[in-house]
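See structure below.
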Amino acid sequence: MYLPASGLPAAWDVDRAWAAIRAVDADVRAHPPAACVFDLAPDALRRVLPGAPLRPDQVRILPDGRWRSTTPLSEPVAQLFDLHLPLACCPPGRRLVIAHLGQSLDGRIAPAEGCSAGLTGPQNYDHMHRLRALVDAVVVGAATVRADDPQLTVRRVPGRHPARVVIDTDARLDGRFRMLADGAAPVVYCRANDTAPNPHLPAHVVQLAVRRGTGGLDLADLLDALAALGWSRVLVEGGGVTVSRFLAQGCLDRLQITVAPVLLGAGHLGIDLPEGLSQARRRPPEKRYLQGCDVLFDLDVSGERA
Ligand SMILES: NC(=O)c1ccc[n+]([C@@H]2O[C@H](COP(=O)([O-])OP(=O)(O)OC[C@H]3O[C@@H](n4cnc5c(N)ncnc54)[C@H](OP(=O)(O)O)[C@@H]3O)[C@@H](O)[C@H]2O)c1
């Protein structure tokens, strides 16, 4: 149940909700949940048996991250729980792959000349940093590294940095980009297994040789390689080519698209699959969230492929 902020119990706000989600994440990573559920108060987290009565101002969290509250919560707090608890509750070793793209009303993720910064608003950037803080690894394509020079670290909210993974099928990138050079978190560089190791990268960058797939790399092979490193929660952060390939190869569980009220008229496309999807259909509207002026659509795409 959502209420406007004026109807809020003083106890829950976005910062407390985020701290609580991080506490669930830490607990699940330390002791994967068995049959118990969590009860969350603004300042405490405890495990209880599923039938235990729920006290006022507490939030009951089921093992899959769905939640309910006996007290109405504000829309921003409810949105945080909806979008992030399923990720925080995902036990170590269980694969969960989420992609996110921010796009214009006309389906573009960046102007033709490159950088995507500022397309969506600050609330969506906060959301992205929260996703990063909950995953093991963030994946981007080589063209995104060239255009945006992203760091892929967590800076806008409290949280730990994920490992950074770049896909560069034909090993063309040089080592001058920030995520390759800054040493802020582990970096994995993925190239096709029929190319030679890239000699331009700093020594701390781990190079993975991955099978080729339909367009680019075989992404199931890549995800297996990341899982072997202990990274099973994965965020694919762009660009459009990379997210489209994950979708086409049936390697995504969730796809989040945030639409900004902007017309670019030209530029890089978001999802672009020449053959379409095998199960193209209208999506149910219930998973949609306002983030400032932007609207985020959260889609279950497990089972989809081109
Ligand atoms: N709005 C958002 O959410 C968002 C997020 C991320 C990026 N972006 C924008 O997306 C754009 C990039 O996305 P994208 O869809 O073009 O590509 P991408 O998904 O970042 O990269 C995918 C592939 O692009 C190919 N590629 C193209 N130019 C390359 C180059 N100069 N060096 C190496 N590989 C190159 C490679 O293909 P092969 O594998 O075939 O070699 C690479 O694997 C940028 O403008 C960036 O600003 C937007």
Side-chain angles (χ1 to χ4, degrees), residues 97-129 131-132 138-152 164-180 188-196 198 200-201 207-219 221-222 234-249 251-252 254-274 291 294-299:
V97 186
I98 298 183
H100 177 277
L101 285 173
Q103 69 176 44
S104 62
L105 289 169
D106 50 344
R108 318 279 173 169
I109 59 167
E113 61 278 10
C115 183
S116 62
L119 182 58
T120 55
Q123 275 121 318
N124 184 242
Y125 275 77
D126 290 350
H127 168 70
M128 292 303 302
H129 281 237
L131 285 180
R132 288 178 186 172
V138 178
V139 178
V140 290
T144 292
V145 175
R146 273 183 194 273
D148 295 357
D149 195 9
Q151 299 172 76
L152 305 179
R164 286 87 54 89
V165 179
V166 56
I167 298 177
D168 188 18
T169 311
D170 294 307
R172 289 179 285 172
L173 279 182
D174 58 45
R176 72 192 145 92
F177 299 100
R178 289 190 293 189
M179 64 173 276
L180 299 174
V188 170
Y189 172 87
C190 302
R191 57 181 168 77
N193 60 5
D194 55 6
T195 59
N198 186 324
H200 306 295
L201 305 183
Q207 297 206 30
L208 280 184
V210 178
R211 276 201 307 264
R212 281 188 191 270
T214 329
L217 301 180
D218 179 326
L219 297 169
D221 200 31
L222 185 150
V234 176
L235 170 65
V236 186
E237 227 189 270
V241 170
T242 299
V243 173
S244 298
R245 286 176 179 171
F246 270 87
L247 189 57
Q249 293 185 28
C251 288
L252 282 187
R254 301 204 78 82
L255 173 60
Q256 298 185 349
I257 294 185
T258 303
V259 181
V262 176
L263 280 174
L264 289 180
H268 294 266
L269 284 172
I271 300 299
D272 187 23
L273 300 171
Q291 295 188 336
D294 306 328
V295 184
L296 182 150
F297 295 88
D298 180 27
L299 310 175

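All ligand and atom numbering here is 1-based and tracks the order in the structure.
- Legend: residues meeting side-chain contact (heavy atoms from CB on, under 4.5 Å) with Ile167, ordered by chain and number and at least two apart, are Val139, Thr169, Leu217, Leu219, Leu222, Thr242, Phe246.
- Each salt bridge (Lys or Arg N to Asp or Glu O under 4.0 Å) pair with one or both residues in residues 165-177, not counting sequence neighbours, appears once here: Asp170-Arg212, Asp174-Arg176.
- Remark: side-chain polar atoms of Tyr125 are paired, donor with acceptor, to backbone N or O of Gly118 under 3.5 angstrom.
- Side-chain N/O atoms of Thr120 and Asp294 include no donor and acceptor closer than 3.5 Å.
- Contacts of Asp148 classified as salt bridge (Lys or Arg N to Asp or Glu O under 4.0 Å), with partners at least two apart in sequence or in another chain: none.
- At a 4.0 Å heavy-atom cut-off, the residues surrounding ligand 1 are Leu101, Gly102, Ile109, Ala110, Gly114, Cys115, Ser116, Gly141, Ala142, Ala143, Thr144, Arg146, Ala147, Asp148, Ile167, Asp168, Thr169, Asp170, Arg172, Glu237, Gly238, Gly239, Gly240, Val241, Thr242, Arg245, His268, listed by chain and number.
- Donor-acceptor pairing under 3.5 Å is recorded for the side chains of Arg191 and Gln207.
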